[in-house]
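Below is one structure; the comments refer to it alone.
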Amino acid sequence: MNLAELPKQYDPHSAQSRWYSFWLEKGYFHADPSSEKPPYTIVIPPPNVTGALHLGHALNNTIQDILIRWRRMQGFDSLWMPGTDHAGIATQAVVERRLREEEKKTRHDVGREGLVERIWAWKDEYEQRILGQLRQMGCSCDWDRTRFTLDPVCARAVRTTFFRLFRADKIYRGKRLVNWDTQLRTAVADDEIESQQTAGQLWTIRYPVTGSMEFLLVATTRPETMLGDTAVAVHPSDPRYQHLLGMTVTLPLMDRPIPVIGDAILVNPEFGTGCVKVTPAHDPNDYATGLRHNLPMINLLNPDGTYNENAGAYAGLPLKEVRKRVVADLEAQGLLVKVEPHMLTIPLSDRSKTAIEPYLSDQWFVRMGDGEDGQPGFAQSAMAAVTSGQVNITPERYAKSYLDWLGEKRDWCVSRQLWWGHRIPIWYGPECEEAVLEMAFSGRDDVAWRRAETGGWLICSESDLATDAMGEVGELVQDPDVLDTWFSSALWPHSTLGWPEPTAELAKYYPTSVLSTARDIITLWVARMVIFGQFNTGGVPFKNVFIHPVIQDGNGKRMSKTAGNGIDPVDIIDLYGADALRYTLALSATETQDLRMPVEKTRLPDGREVNTSERFEQGRTFPNKLWNAARFALMNLEGFDPAPLRPEEAEIEDRWILGLLAQTATEVTSDLEAFRFADATRRLRDFTWNDFCDWYLEFVKARLRDDPSRPVAQRVIATVLDRLCTLLHPVMPFVTEQIWQALGEVAPSRGMPVPGPAAESVCIANWPELRVQDWLDEEAEATVGQWREKISAIRTLRSERNIPPSAKISPVIVAGGEVAVRLLRGESILASMTNSSIMTITEAADRSAESATTVLADAEVILPLEGLIDRKEEAAKLKKQLADLEKPLAGVRAKLANEGFVARAPTDVVEAQKARECELLAQIAAVLTLLEAAERGS
RNA sequence: GGGCGAUUAGCUCAGUUGGUUAGAGCGCCUGCUUUACACGCAGGAUGUCGGGGGUUCGAGUCCCUCAUCGCCCACCA
């Protein structure tokens, strides 16, 4: 092995570029539906093409790559389907913003085609960037299959789905109160809204009772909406207003009579005046009230947020201006009673950050509820998928939010008044007899129609219809709206596999194995994938859902670009390498719902100041540790001879490390099966660092120099390193490949009990399936445990007495019977690991000599230090040992003195306490003897 | 208002079904360029397990309650 190739410090960047292209060349990431191997599939949650990947993506993709690489090594035909999401409103919003800022233009200036063209250009740029970042992270996606939610394959799936929904009457058009974004001029989903606490005002207005001197007082936070009031509601049993029920009040400013109605749902008689103005077209509660009482619904708003002709004198004015004037006019007429400060939460659009207006408009909805025939609807079936266990959610608690949300069975508004997205495949046809349609589309099973509520026809088609498809009868006009982004996202697990075509991919890889995502889209995305998966394919889209934690900064705040507390995964890769990023994230992926990363600033080599977190340091040190363990191995593998060796034929420390390796491999496998990424990673770290490096490699150093058992040690080292590379590869693909390749040069054939040729890449090496019972060795475990304990005791004595590391001493271990037998085999090991000249293990020793002593449970460790120690100090130390032993003894005795404990605790627990008592007493006796000797001597 | 989660060492977190003296990493202190690694080695210090109550022979762990923080949902005339 050329040591020049093995620098002391591992260089992650050269390994990254070298091995990623190697993997691509070899085609390891490509899944093959014709292969005999069983499938293992993950579809990537497609990142939005709005921008670059953030740390949350890095975490999620690390998790997915761990699973995919692990299963690939286990012999599965692993498919990780990559792709990106067009993210309708989000992407259009950023491109529109840029248009405004850079060219001072609106989307109307550039037109529909012009805008969409610009968004495609944006998409191309960001898609490349995102996919590039995934590659930088080492993600083993099947790039040949990369999809985009707006590409022809996905578009086909969207069309077909919409058409089938339409035909099955699962989708309908209706006027509903929606959340309207007046800036983007589109409906937005409930989930695309965030609430903001604001200091507002509460206006109390006087409504004169028609034909009377009486007034009703109503309070409102939005006085401008009064123009659209169509009733005033009181509680039906409120004694104050009984006499007014059925009468009318005159709506000020509009001079319109509106009824006084009784409504027990809307009105809380305890609150305010007990009178509520009802504006059905501009408030969700009022809308419901309007439906209950069959009230007129007066829409005051134009799509752009100005008031329309229904607002009378206020028509054409923007909403804020209307408010000002309405308040002023009311005040002028003496109808404004008071204005009070009032805290309220206003809904803001996620994308444009402008206030959302409830707005009555025509939209498309997917029916979620059960059918009139009693057949379970979409929501019900999707709930059943989880309650029946067809879909498993981890951690379990998240099943609740899924079920709660679906339980509401709210219809899903799928239309958006945007230009970027899948155009709704609906054409509005002229009023005519149905026979005309049958004629026009005879013989076509890809066209379906339904009467529109507003007259004419709604015609749905899987393929585009020409405007003149109905000839002279009239023009067809396509619905200008597009579908909610989540419509295409909901199809992702099957659309990416080619549905509705009966592809080999669909047959083999569907349903997918795991979906990994964050909890905020359990409802938006996960639930809807189940719904459309069931509708289109008759089966669930995935067997497991893993919900990973959300990354926050050190103060528990969400990371965000605007707050400046975000960590860019690419910066972390630049600083520490991809393996470091992945390792740290894997180590952090516990079952908690939040994951905190204290953020700090640092400077990159190129001088740029970026955010990082000290937590990534461990991602830097661990690969380096592994790298150096490998260097040590490679330096010592000269003359490596790959002969067969059974664990039981090896030395005691060999048997110990091999047993531990087998146990670790088994535990790591079950951790991964249960999505316990942090446990798996921590276990591997501990084994590598605390067992293999700290102890095993130190144990065998002497053997590797000149010892007949050198070849055996070499075989063990090669085996452990080989298996460690495979176990760690899913977490740290680059450093493990680098080591694997280097190891291949000196030990192309390796392994135990019978060596075999190593795979050409650790990517495709076999995952360790070590039968623990074949490798575990209790005797070795006990013996090495003894060694470790004694070595630590000697080291502590040396350190406490300030014995320089260079000073050779000759410790004595006084141990009885069985313990001594076990220790004897390790005399040389103990000596070399404590820098001792001679190690004496005996059953008796002279306690009067000048020495430092520690009393262990089964032995005394004596450091003869003639002339080097202060007897008084030694006596003090012994007294401290005594105190340290008496404290637990008191505890044990208190327990044993407790009759309840002795009577009720399990026998083994009581016995353990008794044994502990004996042990402590023996230790105390030994310390007392030493103490006497010490005091006599001084 | 409803739900979920968190609260353990200075920081970030583990702590399986209750059972010896509560752990790790980082940070801190002491010593070491010991031939793989100073991104390292050896040793060390540091905890009223958020407060209170309860169940139990025994509680970081189970129950109740309060407090603080975070997230989600709903509502706010």
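Just so it is clear: chains get the letters A, B, ... in the order the sequence lines come, proteins before strands, and each one is counted from 1.
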So what does [X] hit on the nucleic acid, given a heavy-atom distance under 4.0 Å: a base, only sugar-phosphate, or nothing?
| X | result |
| --- | --- |
| A:T273 | nothing |
| A:R519 | sugar-phosphate |
| A:E698 | base |
| A:I522 | nothing |
| A:R596 | sugar-phosphate |
| A:S806 | nothing |
| A:S401 | nothing |
| A:Q552 | sugar-phosphate |
| A:S613 | nothing |
| A:K8 | sugar-phosphate |

Just the rounded figure in Å: distance from [atom2] of [N] to [atom1] of [X].
| X | N | atom1 | atom2 | result |
| --- | --- | --- | --- | --- |
| A:D404 | B:A74 | CG | P | 12 Å |
| A:L797 | B:A42 | CG | C1' | 13 Å |
| A:F632 | B:C41 | CZ | P | 14 Å |
| A:E408 | B:G2 | CD | C1' | 11 Å |
| A:D11 | B:C37 | CG | C1' | 16 Å |
| A:F699 | B:U34 | CZ | P | 21 Å |
| A:M732 | B:C39 | CE | P | 18 Å |
| A:D594 | B:A6 | CG | P | 10 Å |

Electrostatic pair A:E357-A:R222, nearest N-O below 4.0 angstrom: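 Yes.
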A:R788 with A:D691: basic N within carboxylate O range, under 4.0 Å: yes
For [N], does either OP1 or OP2 sit under 4.0 Å from a side-chain N or O belonging to [X]?
| X | N | value |
| --- | --- | --- |
| A:K400 | B:C73 | no |
| A:R410 | B:A74 | yes |
| A:K701 | B:U34 | no |

A:V249: side chain to side chain contact (heavy atoms under 4.5 Å, CB included) partners, not counting sequence neighbours: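 Per chain and number, A:V249 pairs via side chain to side chain contact (heavy atoms under 4.5 Å, CB included) with A:Y207, A:V209, A:L216, A:V232, A:I258, A:V260.
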Partner residues of A:N802 under the side chain to side chain contact (heavy atoms under 4.5 Å, CB included) criterion, sequence neighbours left out: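 For A:N802 there are no side chain to side chain contact (heavy atoms under 4.5 Å, CB included) partners, ignoring immediate neighbours.
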Spacing of A:F677 atom CZ and A:L59 atom CG [to the nearest 0.5 Å]: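 Spacing of CZ (A:F677) from CG (A:L59) equals 9.0 Å.
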Aromatic ring pairing A:F692/A:Y696, orientation class (parallel under 30°, perpendicular over 60°, tilted between):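 A:F692 and A:Y696: parallel rings.
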Could you measure between the two [atom1] atoms, the one in [N] and the one in [M], and give it in whole Å?
| N | M | atom1 | value |
| --- | --- | --- | --- |
| B:C69 | B:G23 | C1' | 25 Å |
| B:C63 | B:A74 | C1' | 29 Å |
| B:G5 | B:U65 | P | 15 Å |

Donor-acceptor side-chain pairing of A:D229 and A:T279 below 3.5 angstrom: yes
Dot-bracket encoding per residue of RNA chain B, Watson-Crick/G-U cut-off under 3.5 Å, | denoting interstrand: (((((((..((((.....[...)))).(((((.......))))).....(((((..]....))))))))))))....
5' precedence on RNA chain B between A:W203 and A:M597 (nearest-nucleotide basis): A:M597
Of A:P284 and A:A629, the one whose closest RNA chain B nucleotide lies more 5': A:A629
Lys/Arg cation over aromatic A:Y576: A:R620, 6.0 Å, 45° cone: no
Intermediate values then yes/no, side-chain contact (heavy atoms from CB on, under 4.5 Å), A:R615 and A:L595: CA-CA 12 Å; A:R615 298 192 66 183; A:L595 190 172; 4.1 Å; yes
Selection residues 892-913 of chain A - residue pairs positive for ring-ring contact (aromatic ring centres under 6.0 Å, His included), sequence neighbours left out: none
Options B:A36, B:C11, B:G5, nucleotide nearest the side-chain atoms of A:R397: B:G5
Per A:N624 side chain, nearest of listed nucleotides B:A36, B:G44, B:C39: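 Nearest nucleotide to the side chain: B:C39.
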Nucleic acid footprint by protein, nucleotides 15-33 of chain B - heavy-atom cut-off 4.0 Å, B for base, S for sugar-phosphate alone: ----BBB---S--------
Which atom pairs, one a donor and one an acceptor, fall under 3.5 Å between side chains of residues 905-913 of chain A and the rest of the protein, sequence neighbours left out?
none

